[in-house]
Peer 1: 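Let me begin by handing over the structure; questions about it come next.
Numbers here simply count residues along the sequence, with the first being 1.
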Amino acid sequence: MSVQMQRRLFTVQEYHLMSEAGVFDKNERVELIEGEIIQMAAIGKRHAARVDRLADLFYDKVRTSAIVRVQNPICLNDKSEPQPDIALVQRRADFYEASLPNSQDILLLVEVADSTVNYDRDVKVPNYARSGIQEVWLWDLEANCLEVYRNPTANGYTSIQKFEQGEIVSPLAFPDFEVSVNLILN
């Protein structure tokens, strides 16, 4: 007789208690996705440069109307606390000290991926859709393109567009703000 093994999933609260108890090394990069603690990939120079370049652009264009969070956690539900590369969130006087941004606060999420593109596309992006995040950008550095996900449902995003070199895209929350795909991919 075969027995199916059950995974022990964690809540955000348990995840925080583990962190406070010192279960994770101070410099360990982990995130909670659908109840599982995931060790994040190391950030390489190319990935870091692209995130910094994009963050610099966002700071310049939206800083008076949004907070630009770089590799900081967001809370999607009681089982997921990912750390997207960039999150544009509603402005709040306490800068989310009292509580992390949730799906209603998030204007745009950006994941920059080189070695983790399949995980980001197949696990994180659907998780964002189930949480109602209106727009996610996935910068695929290996394929040299930008994937834009919009119109979330419980089964994923109903609008997926691919942008390549020479093209321009604007976030839904900032339609007058044009982003050149070349800026990030070159």
Side-chain angles (χ1 to χ4, degrees), residues 1-44 46-48 50-51 54-55 67 69-90 96-143 145-162:
M1 180 164 106
S2 177
V3 175
Q4 185 174 359
M5 302 303 292
Q6 296 292 317
R7 287 182 172 158
R8 166 55 163 98
L9 302 179
F10 298 97
T11 66
V12 168
Q13 182 181 9
E14 292 168 327
Y15 175 66
H16 286 200
L17 289 171
M18 286 188 279
S19 180
E20 291 165 12
V23 171
F24 311 118
D25 182 84
K26 194 164 110 177
N27 296 320
E28 193 171 6
R29 292 178 27 102
V30 294
E31 61 185 349
L32 186 68
I33 305 293
E34 295 289 316
E36 294 186 273
I37 299 169
I38 307 295
Q39 191 162 21
M40 297 169 67
I43 297 174
R46 181 171 75 155
H47 180 277
R50 296 312 196 282
V51 170
L54 190 55
I67 296 172
R69 295 174 57 91
V70 178
Q71 296 171 337
N72 284 328
I74 59 172
C75 188
L76 299 181
N77 54 48
D78 68 335
K79 296 274 189 203
S80 290
E81 190 176 286
Q83 296 179 31
D85 288 307
I86 295 180
L88 300 184
V89 299
Q90 300 281 349
Y96 296 92
E97 185 174 357
S99 64
L100 293 175
N102 61 43
S103 57
Q104 285 95 19
D105 302 311
I106 297 168
L107 303 169
L108 172 67
L109 287 185
V110 181
E111 294 286 357
V112 176
D114 42 14
S115 62
T116 63
V117 69
N118 290 332
Y119 179 77
D120 289 343
R121 184 182 295 122
D122 299 338
V123 176
K124 290 182 85 172
V125 168
N127 194 17
Y128 295 147
R130 284 188 298 276
S131 298
I133 305 298
Q134 293 301 306
E135 183 172 19
V136 176
W137 290 5
L138 176 61
W139 292 96
D140 182 343
L141 299 180
E142 292 302 312
C145 68
L146 168 67
E147 296 172 15
V148 175
Y149 297 84
R150 295 175 172 158
N151 304 323
T153 70
N155 297 318
Y157 287 93
T158 60
S159 172
I160 303 169
Q161 294 178 282
K162 193 175 275 194

Peer 1: Who are the ring pair (Phe, Tyr, Trp, His ring centres under 6.0 Å) partners of Tyr15, not counting sequence neighbours?
Peer 2: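 Tyr15: ring pair (Phe, Tyr, Trp, His ring centres under 6.0 Å) contacts with Phe24.
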Peer 1: Kindly compute the distance separating CG (Leu141) from CZ (Arg50), expressed to the nearest 0.5 Å.
Peer 2: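 Leu141 CG to Arg50 CZ: 6.0 Å, rounded to 0.5 Å.
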Peer 1: May I have the step-by-step check of side-chain contact (heavy atoms from CB on, under 4.5 Å) for Trp139 and Leu54, ending in yes or no?
Peer 2: CA-CA 10 Å; Trp139 292 96; Leu54 190 55; 3.2 Å; yes
Peer 1: Of the non-hydrogen atoms in Ala87 and Pro84, which two are nearest, and what is the gap between them?
Peer 2: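 The answer is CB-CG, 4.3 Å.
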Peer 1: Does any non-hydrogen side-chain atom of Val148 lie less than 4.5 Å from one of Glu135?
Peer 2: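 The answer is yes; the side chains approach within 4.5 Å.
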Peer 1: Here's a test for you: under side chain to side chain contact (heavy atoms under 4.5 Å, CB included), which of Arg7, Glu31, Arg8 qualifies with Glu36?
Peer 2: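 Filter result, single survivor: Arg7.
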Peer 1: Using every non-hydrogen atom in the two residues, find where Asp105 and Pro101 come nearest and quote the distance to one decimal.
Peer 2: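 Shortest heavy-atom contact: OD2-CA, 3.5 Å.
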Peer 1: Check this for me: Gln39, atom CD, are more than 12 non-hydrogen atoms of other residues, nucleotides or ligands nearer than 6.0 Å?
Peer 2: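 Not more than 12 within 6.0 Å, no.
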Peer 1: In sequence, state the C-alpha distance, the side-chain angles, and the governing distance for Ile33 and Tyr119, and then conclude on side-chain contact (heavy atoms from CB on, under 4.5 Å).
Peer 2: CA-CA 11 Å; Ile33 305 293; Tyr119 179 77; 3.5 Å; yes
Peer 1: Just verifying a value: how many Å separate Asp120 CG and Asp140 CG, rounded to the nearest 0.5 Å?
Peer 2: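 The CG atom of Asp120 sits 9.5 Å away from the CG atom of Asp140.
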Peer 1: For the CG atom of Asp122 and the CG atom of Asn127, what is their distance to the nearest 0.5 Å?
Peer 2: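 One finds 12.5 Å between CG of Asp122 and CG of Asn127.
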Peer 1: How long is the span from the CD1 atom in Ile106 to the CG atom in Leu88, to the nearest 0.5 Å?
Peer 2: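 Those atoms lie 10.0 Å apart.
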Peer 1: In Å, rounded to the nearest 0.5 Å, how long is the span from CD of Gln134 to CZ of Arg150?
Peer 2: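 Reported to 0.5 Å precision, the distance equals 11.0 Å.
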Peer 1: For residues Val30 and Met40, determine if any side-chain heavy atom of one lies less than 4.5 Å from a side-chain heavy atom of the other.
Peer 2: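 Side-chain contact under 4.5 Å: no.
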Peer 1: Can you check side-chain contact (heavy atoms from CB on, under 4.5 Å) on Leu146 and Lys162, steps first, answer last?
Peer 2: CA-CA 6 Å; Leu146 168 67; Lys162 193 175 275 194; over 6 Å; no
Peer 1: Below 4.5 Å, heavy atoms only, C-beta onward: do Leu107 and Gln90 meet side chain to side chain?
Peer 2: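 Side-chain contact under 4.5 Å: yes.
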Peer 1: Looking at CZ of Arg121 and OG1 of Thr116, how far apart are the two atoms once the value is rounded to the nearest 0.5 Å?
Peer 2: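 Separation between the atoms: 10.0 Å.
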Peer 1: Look at the side chain of Ser80 and the backbone N and O of Glu34, then say whether any donor-acceptor pair between them is shorter than 3.5 Å.
Peer 2: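 Between the backbone of Glu34 and the side chain of Ser80 there is a qualifying donor-acceptor contact (under 3.5 Å).
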Peer 1: Mind checking side chain to side chain donor-acceptor pair (under 3.5 Å) for Ser19 and listing every partner two or more places apart, or none if nothing turns up?
Peer 2: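 Per chain and number, Ser19 pairs via side chain to side chain donor-acceptor pair (under 3.5 Å) with no residue.
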Peer 1: State, with a plain yes or no, whether a side-chain heavy atom of Glu14 is found less than 4.5 Å away from one of Ile37.
Peer 2: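 No, side chains not in contact.
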Peer 1: Any side-chain heavy atom of Ile74 sitting closer than 4.5 Å to one from Leu109?
Peer 2: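 They are in contact (side-chain heavy atoms under 4.5 Å apart), so the answer is yes.
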Peer 1: Report yes or no: does Asp85 contribute a side-chain atom to a donor-acceptor pair with the main-chain N or O of Val112 at less than 3.5 Å?
Peer 2: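 Flag set: sc Asp85 to bb Val112 pair under 3.5 Å.
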Peer 1: Could you check Val125 against Glu147 for side-chain contact (heavy atoms from CB on, under 4.5 Å), going step by step and ending with a plain yes or no?
Peer 2: CA-CA 11 Å; Val125 168; Glu147 296 172 15; over 6 Å; no
Peer 1: Do Val136 and Lys124 have side-chain heavy atoms sitting under 4.5 Å apart?
Peer 2: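 No, too far: nothing below the 4.5 Å cut-off.
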Peer 1: Does CD in Glu142 sit with more than 12 non-hydrogen atoms of other residues, nucleotides or ligands closer than 6.0 Å?
Peer 2: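 Yes, enclosed.
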Peer 1: For Ser103, does its backbone N or O pair with a side-chain atom of Ser131 as donor and acceptor, under 3.5 Å?
Peer 2: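 The answer is no, because no donor-acceptor pair under 3.5 Å joins these two groups.
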Peer 1: Quick one: list whatever passes side-chain contact (heavy atoms from CB on, under 4.5 Å) with Ala129, sequence neighbours left out.
Peer 2: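 Result, side-chain contact (heavy atoms from CB on, under 4.5 Å) vs Ala129: Pro152, Tyr157.
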